[in-house]
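Below: the structure, in C-alpha cells.
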Protein chains: 2
Amino acid sequence: MAERVLIYDTTLRDGMQREGISLSVSEKLQVAHLLDQLGCAYIEGGFPASNPKDWELFEQLERETFTTARVAAFGMTRRKDIRAEDDEALRVLVECFAPVITLVGKTWDLHLDKVVRVSREENLAMIGDSVRFCVAQGKEVVYDAEHFFDGYRADRDYALRCLQTAAEAGASNVTMCDTNGATLPTQVAAAVADVRAALGPSVALGIHTHNDAECAVANSVAAVEAGARLVQGTLNGYGERCGNANLVAIVPSLELKLGYACVGPERLARLSQISHEAAEICNLQPDAHAAYVGRCAFAHKGGMHVAGMQADVRSFEHIDPGVVGNTRTVLVSELSGKGTVREKAAEFGVELDQAAVDRALERLKVLEHRGYAFEAADASFELLLRTEAGEIEPLFSLETLRVITEKRADGRVETEATIKLRVRGERVVQTAEGNGPVNALDAALRRALTRHYPELGRLELANYKVRILNPHSGTGAVTRVILDTTDGHSEWATVGVSPNIIEASWEALVESLTYGVRLRLQATAEA
Amino acid sequence: MAERVLIYDTTLRDGMQREGISLSVSEKLQVAHLLDQLGCAYIEGGFPASNPKDWELFEQLERETFTTARVAAFGMTRRKDIRAEDDEALRVLVECFAPVITLVGKTWDLHLDKVVRVSREENLAMIGDSVRFCVAQGKEVVYDAEHFFDGYRADRDYALRCLQTAAEAGASNVTMCDTNGATLPTQVAAAVADVRAALGPSVALGIHTHNDAECAVANSVAAVEAGARLVQGTLNGYGERCGNANLVAIVPSLELKLGYACVGPERLARLSQISHEAAEICNLQPDAHAAYVGRCAFAHKGGMHVAGMQADVRSFEHIDPGVVGNTRTVLVSELSGKGTVREKAAEFGVELDQAAVDRALERLKVLEHRGYAFEAADASFELLLRTEAGEIEPLFSLETLRVITEKRADGRVETEATIKLRVRGERVVQTAEGNGPVNALDAALRRALTRHYPELGRLELANYKVRILNPHSGTGAVTRVILDTTDGHSEWATVGVSPNIIEASWEALVESLTYGVRLRLQATAEA
C-alpha cells in the first residue's frame, strides 16, 4: 500500500497575501469547494475574527459540506505571561466551529530576542499551554513552527525542543516552516531526517515552504522523502513575495513519481481544471507554462520533438497529460481539435455533420487566435456550434449603437447608450443611462427587446470580468470580457474580444441574452 | 577559495522555444551582452545554419567583444554510418568562428530503438567520432547527453559509457540533460554522484534541466552539490513547455547559500536589472513574483511582518535584496499604520509633519475602502503623500470630457474623445480618435498638453490592467484600473477607481502623466 501524505491547503490565508488578490466571501467558498474536489485533507480559512470578512467566511464554511476536507482555523500561541484560557484570540479559536486549529509559534532565537522579546522557557510554555488548551476543548491541533529552519541552523537543540513540546502537548502534526524561503532542498532533507530520528516515528511531521529561492516545490518533496507526511501549500503557489509551495506541482510529483497516496487518481485527473478555475476566481491569468497543468506543459513544437513523440510519447513527455487532466497539444498540427469539437457537440446535444465540424473547428481556431477563450465561456461555444448546425437565429439586427460618457467640471460623470435595431420586423430606438458604458448598454438593449422577449426580465448579469490580453501594448491592447448571466436557476458564461472594451462587452452581452432566450428559457419552458 | 561553477546560457537557443518569443538578430545580440554582463562562461547561439537568421547572428557575434563569455555553436553528433568529416552539419560547426561547439547525442535505449533506430555501438561511435573531429579542428567541445536521466534509469551502464566515450574523445565537459524534465532532485543527486564516482574527478560534469515538475532550479543545485561544475539554463527560465532551468535563481543560490563562485558579487548585483531587461527584450512582463529579482520578492505586507522587519530584517528576508540588485518594498494596504506611511515617505524623500501623516493615513484608508490598491500603484501613493505635503500642483484643470463610441450597421466601431481644459491659463479643446475609449482619451489629453509639457512625448503606456472589484454585482460593479507608464528608463504605476471604467481609466491616466511630468522628468533633468 502506498504511504499517505496529507495535503493541507492555505490558499485562503497565506495565498491571499499575494499582491493583487482580494476575494469576497463567496469567492472564498468557491475556492474551498475546489480544494475539496481536489481531495485536500485540510482547508485553512484564516483567523476567524481578524476582520468581519473572515468572521463571515467561517459562518458560511460551517454551513457547507465537504467530502475530504476538514476546516482549520489559524491563530498564534497565547500571549506571554498569561494563561491560555485568558487569551482572547485562543478563545475565539476554540469557540469557532472548525474542528482543526492550526497554531503558529516561535522557534528562532533571533526572533525571540529581537522581535517578540520572550525568553526561551516562556516560549516553550506558550507552545505547550496553547496546544493543550485547544486539545482539551476537543480540537485537533496542527502546530506550525515558524522560522523552523533558521532556528534549527542557529540552535538545533532548542528548535527540536519546540517541536517536541508541541507534540507532547497533543498536536496531531508538527509542521516545520521555512518562513523566509531561505532553505535549499538538501538542507531541508537533512533537517527533516534529523528531526525524524530525534522525535521518533510516533510524531507526525509536516512541511510548509516559501518560494524565495524557487525551491518551494522541491523542498516540500524533499521533506516528504525525509519523513514528513503533511504538506502545506497553496493552489498555483499563490502567496506573498515569491509565493508559497505550489500544491498543483507537489501532488502529482508525490503521486506519480514517488508513489505516495495524496488524493488518488480520480481527483488528480481534475488538477488542471481546478488550477485554472482557481486562477479565474482570483482574476489571474492561468500560467501557461505551469508544471503539469499549464496550457504549454505538453505543447510540442519543432519537427524533431513531434516526430519523436509520434514514435513514442515517452520520448518527450514525462507523464501522460490526461492523468492530471491536461492535454497534449501539437502546435503545428491541425489534428488537435476535431475530437474536442465532437466531444463538446455531444455534450451539448448538437448534431454536426463532418463539414460542420470542420467549419466549427476553423472558426474556433480563428477566434482563439484573436484572443477568445472558450474554456471559460461554454455558452458562447455552444452558440458557435449551434450556429454551425444552423439552429440559431439572432434575436435582432443592429443598425447602430452609440455610447457617450461625459465628465463635467464639477466631477460628475454621466453615461448614456443609444441603440437602433430591428426586432421581429419592428425598428426600435432606445436610450438608457447607466453608471458605466456596459451598464448603460445592457439597460438600453433589454428595454429595446423586452416587448418581444419578456423572458429577458428574469435574466441578471452575475459577474463581469475583464482581461487585457497583451498588456504591453498599453491601451492599444486587446480586451477580453467574460460575462456570467443567471436566470435564477443556472448560470452561463459568454465571451467578447476586441481592442475596444465597449465592443468586447457588447459582444458578450448579446451572446448572453441570445443564449438566455434561445436555449436556457426554452429548456425551462419545455421542462 | 570558493570552488568555481561555470554558467552556460542557452537562452538564445532553448529559450527561443518558448511559445511567443521571437527575437531579431539585433535583439539576440542585446541578450548576448546581458549574459556577458552577468558573467556567463558560455553563450550558446544555436546552430549556425539552421536558418538565415541564425547564420547572421553568428556573423554578428564574431564582431562583438565579450568579457567573460565564450560563444558556443550547437549541433548534433554525426549521422549514422558516415565519417564525421563527411557530415555537412559538423563541417558547418567547425567552420564557424565559435571557439566552443556543443554536441548533443543520444543516451536512452528507447530513443535509439524507437526514434533514431541506431544500434548502441554505432551511437557510441557517433559520439566519439564527432567529439574527436571537432577537438582535432581546435574547438572546445561540450557534450550534451540528451535524455541522460531516462537512459540512466533504463540502462545505467550504457548511459555511463556514452558519457565516458565523449570524455575520452576530448570533451571539456559532459553535461547530463533531463530533457523531459521528468526527474526529481534526490534522483538527480544520486545519479550525478554515481557518475562522478564512476568517471572519476578528471571528467568535468555539467547539468541541463527542464521545469516540467517545477524542480529545474533545485535539480541544477542538487547536481552541483553532487559534483557538477557547469550549469546550463536560460534567463528567467524561458524555454519550451514549462521552461528551462532558471539561471536567475540558480546563480544567487549557488553563490550566496552554498558558497560557490559563479559570477562574483559585482556582477551578481546586476542580476535584477539583467533579468528585467531580458524580459523587456523578449516582450514579456517581468514576473513580479520571481525568486530574488521579482518586484515582490522583498515586498512586505501586514503589520506583523513590517514590525518584525523593523526589529531585524533577517527575520523576514532570506538575503539582503541589494546583493542581487533588488530593493525592499513595503506594500501599502489597509492593514498598514503610521509606521508604513512614515517609511514610504522616507523612501520617497517626502517630508511630512505629524498632522500630514495623520491626513495621509486617513485618506489612504478612505480610498482603500473604496477599492483603491496602492500596493500595486506606488506612483499614486507618492502623489498622495506629496499632495498632503503641499508639493503637487495639478497639470491642468478639467472643464469637461466626452467619449463617444459608435458601432455602425456594417460592424465598424469608432471612438472619439473630446477634452476641454485649462492649462497655464490657456483654454484648450482637443479631440482625438482611438481604438478604444482609453486610447482615445490618452491621445486627446497628450495632444492638449504637449505644447506646455513637451516632455510628455517621451512617456508611453506600458501596461493596462482592469480588475472588477465586486464582479457579482454585474456591470454595476466597481472598476479598478492600474496603468504602468514608462519614460524609457523607469516605470511607474498609478491607480484609478470608479463604477465607470472610463472615469477610472481617466483618473489613472491623469495621475500617470502628472507623476511623469512633476517627478520623473524633473528628477531626470536634475541628474
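The chains referred to below are lettered A, B, ... by the order of the sequence lines, with proteins before strands, and numbering in each begins at 1. Note that the coordinates shown come from a computational prediction; the quantities given were computed from them, not determined experimentally.
- In terms of heavy-atom pairs under 4.5 angstrom with chain A, the leader among B:P185, B:A213, B:A216, B:S253 is B:A213.
- The CG atom of B:N435 lies 12.0 Å from the CD1 atom of A:I501; values are rounded to the nearest 0.5 Å.
- Counting heavy atoms from C-beta outward, B:L184 and A:L258 have side chains that approach closer than 4.5 Å.
- With contacts defined as side-chain heavy-atom distances shorter than 4.5 Å, the pair B:T405/A:P437 does not qualify.
- Contacts of B:E214 with chain A are made by both backbone and side-chain atoms, with heavy-atom separations under 4.5 Å.
- Taking the side chain as every heavy atom from C-beta outward, B:N500 and A:T415 approach each other to under 4.5 Å.
- Residue-environment remark: NZ (B:K257) exceeds the threshold of 12 foreign heavy atoms within 6.0 Å.
- Rounding to the nearest 0.5 Å places CG of A:D212 at 8.5 Å from OH of B:Y292.
- For a residue to count as touching a neighbouring chain, one of its non-hydrogen atoms must lie under 4.5 Å from one of that chain's; by this rule B:E460 does not touch chain A.
- Contact of the B:C296 side chain with the A:E19 side chain is registered, since non-hydrogen atoms from C-beta on lie closer than 4.5 Å.
- Shown here are the side-chain hydrogen bond (donor to acceptor under 3.5 Å, both in side chains) partners of B:S498, two or more places apart in sequence or in another chain: there are none.
- Taking 4.0 Å as the cut-off between side-chain N and carboxylate O, A:E399 and B:R408 do not count as a salt-bridged pair.
- Remark: A:A508 engages A:V481, A:L483, A:T494 in a side-chain contact (heavy atoms from CB on, under 4.5 Å) (not counting sequence neighbours).
- For the set B:I319, B:L401, B:D287, B:V116, the count of heavy-atom pairs under 4.5 angstrom toward chain A peaks at B:L401.
- The shortest distance between side-chain heavy atoms of B:I404 and A:R402 falls below 4.5 Å.
- Proximity of A:E406 to B:T400: side-chain heavy atoms (C-beta onward) are nowhere separated by under 4.5 Å.
- Heavy-atom distances place the side chain of A:V221, and not its backbone, under 4.5 Å from chain B.
- Contact annotation for B:V403: both backbone and side-chain heavy atoms come within less than 4.5 Å of a heavy atom of chain A.
- Per-residue counts of heavy-atom pairs under 4.5 Å with chain A were compared for B:G243, B:A222, B:G411, B:G181; the largest is that of B:G181.
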> side-chain contact (heavy atoms from CB on, under 4.5 Å) between B:H289 and A:R241: does it pass, once the steps are laid out?
Replying inline: CA-CA 6 Å; B:H289 304 278; A:R241 303 194 311 273; over 6 Å; no
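- Neither the backbone nor the side chain of A:D150 comes within contact range of chain B; no heavy atom of the residue lies under 4.5 Å from a heavy atom of that chain.
- Contact annotation for B:V413: only side-chain heavy atoms (C-beta onward) come within less than 4.5 Å of a heavy atom of chain A.
- The line from CD of B:E503 to CD of A:E414 is 12.0 Å long, rounded to the nearest 0.5 Å.
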